[in-house]
Amino acid sequence: MVKDLLVPDYIFESSWEVCNKIGGIYTVLSTRAKTLQDKMCDHIIFIGPDCWKEKECPFFVEDNTLFPEWREKASEEELALKIGRWNVPGQPIAILVDFTPYFDCKDEIYGRFWELFQVDSLHAYGDYDEASMFSYAAALVVESFYNCYLDESQNVIYHGNEWMTGLGLLYIKHRLPQVATVFTTHATSIGRSIAGNNKPLYDYLFAYNGDQMAGELNMQSKHSIEKQTAKNVDCFTTVSDITAKECLELLDKPVDIVLPNGFDNSFVPRGAEFTKKRKLARKRLIDVANALMGTDLNDDVLIVSTSGRYEFRNKGVDVYIEAMNRLLRDRNLKKNILAFIEVPGWVGEPRKDLVERLNSGKKFDTPLEVPLVTHWLHNMSHDNVLGMLKFLDMWNRKEDHVKLIFLPCYLTGNDGVFNMSYYDLVLGNDLCIYPSYYEPWGYTPLEAIAFKVPCITTDLAGFGIWANSVKGGNSEIEDGVKVIHRTDYNYSEVADTIKDTVSEFSAFDEEEVKKARRNADKLSKKALWSEFIKYYEQAYDIALRKAAQRR
């Protein structure tokens, strides 16, 4: 007999990326928001950091009519809040909290959490203080709201994402034990660090001791808050089976349930609008490339890209460049390749010489200086992408059949060169490539196929494992997603497989391309939030049952 699931009356969900677009967690929360808002009808409340202060946040619309009684109470408690709505599909309620006032008493706060939960904050540095004070402030917001409007007759969930919300989850556990807590780690801090420090993660996972590695890699405080939060919440979750193994080995805590990341495709254009936007995107990408390199590429060029956070090894940017370099000598290549790397670096400013060429409307037959990059960087001589391109002697020469361009900024629509958003550009690609080494889920390939762009990923990405499971075997490029087997040591084989797959795709006829695009679209429909929200409902049930036992 299937038990009825306990259902929350209120959900508070906090993350550093609420109304703060940094990476994949923003996409997780912002695309899931509509599904939850449709179910909860303003009883889902997101809490994020007020990083904007006097400046206007582009993702948030303030609404002074919300919760008037509580506003007054929160003000008396010296909580500095902005209350409004997150400017994403569903328009859920969002609260931005100013966490800076708590820096003055952080040592006292850290001392209390050491006493209560043995959280080691002694080795804190970098973003630890900022994240912890936000997390603490977010918990004060939940406590204040709860005391104003709610009581034990309601089922209430507090859901925190990443180690950056750990302190707040522990605070709620201590102060409001009747509130059920859910913690999602989207990647363990120590696992990401092991991978990012060029250590083999997967073959040796069974042998690593998380506490020992945290000491070796100077990650003690982040690891400590993550581990203690995982052990103390009512429901501990992660986003894929591969990261669940990591949690068990490095945090010494099995997850209660895996919450795969879904997608909301309501903003993907359809029909004639899709065709029009795809043409516009392709034209813009080709125009910028021609102006930068003094080339005369046309719409027949095969456009490929990689994107994501600037984690050179973890996201496979290194192996992507290696594959493009090998394509230069591939005799089976049937088309010219225009390849982009769209990862935000330490960007200085858009190139004036490039903007002048674009604005002139003329054609040019000579390249600009450094015809590899669209925006100047602050650290040109120490940048990993530019360094590898120079090492491989890749300079986008006229005769090269593969041209590679580094686009080092967030595509928000006002970067000064493309002036189009990421979603408006991604659909211009023929193929997207994400050969990740460390990727708990992998939003970028899911976004690509939602825009009907076939992609290449690996079976070290949660998404890649999921795509193989849907296929019931190895997913190939004609299925919409090519999943490459990747290990700690097969970098060269991965580069060769990418090269061969791009070469194979360049020889596809029109019908074969259409089939791959159709299959990509079909697969993306299986990863919509409407399919995956059931896992969250199970997580809420697990947490609420544990909280009920405490009452």
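- Relative ring orientation between Phe406 and Tyr310 is described as perpendicular, the plane-to-plane angle rising above 60° on a 0-90° scale split at 30° and 60°.
- Salt bridge absent: Glu531 and Lys534 never bring a charged side-chain N and a carboxylate O closer than 4.0 Å.
- The residues Lys222 and Asp127 are annotated as salt-bridged, a charged nitrogen and a carboxylate oxygen being separated by less than 4.0 angstrom.
- Between Arg326 and Glu322 a salt bridge is recorded (basic side-chain N to carboxylate O distance below 4.0 Å).
- Around atom NZ of Lys390, more than 12 heavy atoms belonging to other residues, nucleotides or ligands sit under 6.0 Å away.
- Atom CG in Leu292 sits 5.5 Å away from atom CG in Leu368 (nearest 0.5 Å).
- Under a cut-off of 6.0 angstrom, the local environment of NZ in Lys526 is sparse, with at most 12 non-hydrogen atoms contributed by other residues, nucleotides or ligands.
- Side-chain contact of Ser503 with Ser506: a donor-acceptor pair under 3.5 Å is absent, judged by distance alone.
- Asp393 has a carboxylate O that lies under 4.0 Å from a charged side-chain N of Arg397, or vice versa, which qualifies the two as a salt bridge.
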TODO: Could you walk me through whether Thr184 and Thr237 pass the side-chain hydrogen bond (donor to acceptor under 3.5 Å, both in side chains) test, one step at a time?
DONE: CA-CA 5 Å; Thr184 302; Thr237 74; 2.6 Å; yes

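- By the 30° and 60° cut-offs, the orientation of the rings of Trp529 relative to Phe532 is perpendicular.
- Atom CD1 of residue Ile194 and atom CD of residue Glu246 lie 7.5 Å apart, to the nearest 0.5 angstrom.
- Between Trp52 and Phe59, the ring planes are perpendicular. Angles over 60° get that label, and only those under 30° would be called parallel.
- Aromatic ring centroids of Trp86 and Tyr26 lie under 6.0 Å apart.
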TODO: Apply side-chain hydrogen bond (donor to acceptor under 3.5 Å, both in side chains) to the pair His485 and Thr458, showing each step before the final yes or no.
DONE: CA-CA 6 Å; His485 177 54; Thr458 73; over 6 Å; no

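- Partner of Thr188 under the side chain to side chain contact (heavy atoms under 4.5 Å, CB included) criterion, chosen from Glu226, Glu162, His223: Glu226.
- For Glu439 and Lys315, the salt-bridge test passes: some basic side-chain N is under 4.0 Å from an acidic carboxylate O.
- Between the OG atom in Ser530 and the CG atom in Asp38 there is a gap of 11.0 Å [rounded to 0.5 Å].
- Electrostatic pairing of Arg32 and Glu13 counts as a salt bridge here, judged by a charged N lying under 4.0 Å from a carboxylate O.
- In this structure, the side chains of Asp521 and Ile449 stay at 4.5 Å or more apart for every pair of heavy atoms.
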- [ ] Check the pair Ser475 / Asn468 against side-chain hydrogen bond (donor to acceptor under 3.5 Å, both in side chains), numbers first and verdict last.
- [x] CA-CA 5 Å; Ser475 186; Asn468 274 348; 4.9 Å; no

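- Under the ring-ring contact (aromatic ring centres under 6.0 Å, His included) criterion, Tyr410 pairs with no residue, sequence neighbours left out.
- Classified by interplanar angle (parallel below 30°, tilted 30° to 60°, perpendicular above 60°), the ring pair Phe463/Trp441 is perpendicular.
- Ion pairing between a basic and an acidic side chain is recognised when a charged N comes within 4.0 Å of a carboxylate O; Asp365 and Lys398 show no such pairing.
- We find that Glu476 and Lys482 are joined by a salt bridge, their nearest charged nitrogen and carboxylate oxygen being less than 4.0 Å apart.
- By the 30° and 60° cut-offs, the orientation of the rings of Tyr128 relative to Trp163 is parallel.
- The residue from Val417, Thr374, Leu358, Val373 that alone fulfils the side chain to side chain contact (heavy atoms under 4.5 Å, CB included) condition with Arg351 is Val373.
- Every side chain to side chain contact (heavy atoms under 4.5 Å, CB included) that Asn314 has, sequence neighbours left out, goes to Arg192, Ala195, Glu311, Tyr437, Tyr438.
- Salt bridge status for Arg518 with Glu511: present, with a side-chain N to carboxylate O gap under 4.0 Å.
- Here CG of Leu407 is found 13.0 Å from CG of Leu372. Values are rounded to the nearest 0.5 Å.
- Using a 4.0 Å cut-off between charged nitrogen and carboxylate oxygen, Asp330 and Lys499 count as a salt-bridge pair.
- Looking only at atom types and distance, the side chain of Ser492 has no donor-acceptor partner in the side chain of Asp496 under 3.5 Å away.
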Open item on the list: Go through it in stages, so that I can follow the logic: the residues are Phe418 and Tyr422, the test is ring-ring contact (aromatic ring centres under 6.0 Å, His included), and I'd like the CA-CA distance, side-chain angles, deciding distance and then a yes or no.
Closed with: CA-CA 10 Å; Phe418 289 88; Tyr422 178 72; over 10 Å; no

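- Expressed to the nearest 0.5 Å, how far SG of Cys432 lies from CG of Leu446 amounts to 12.0 Å.
- Note on Asp264 versus Lys34: no salt bridge recorded, every NZ/NE/NH1/NH2 to OD/OE distance being 4.0 Å or above.
- A distance of 12.5 Å separates NZ in Lys335 from CG in Leu338, rounded to the nearest 0.5 Å.
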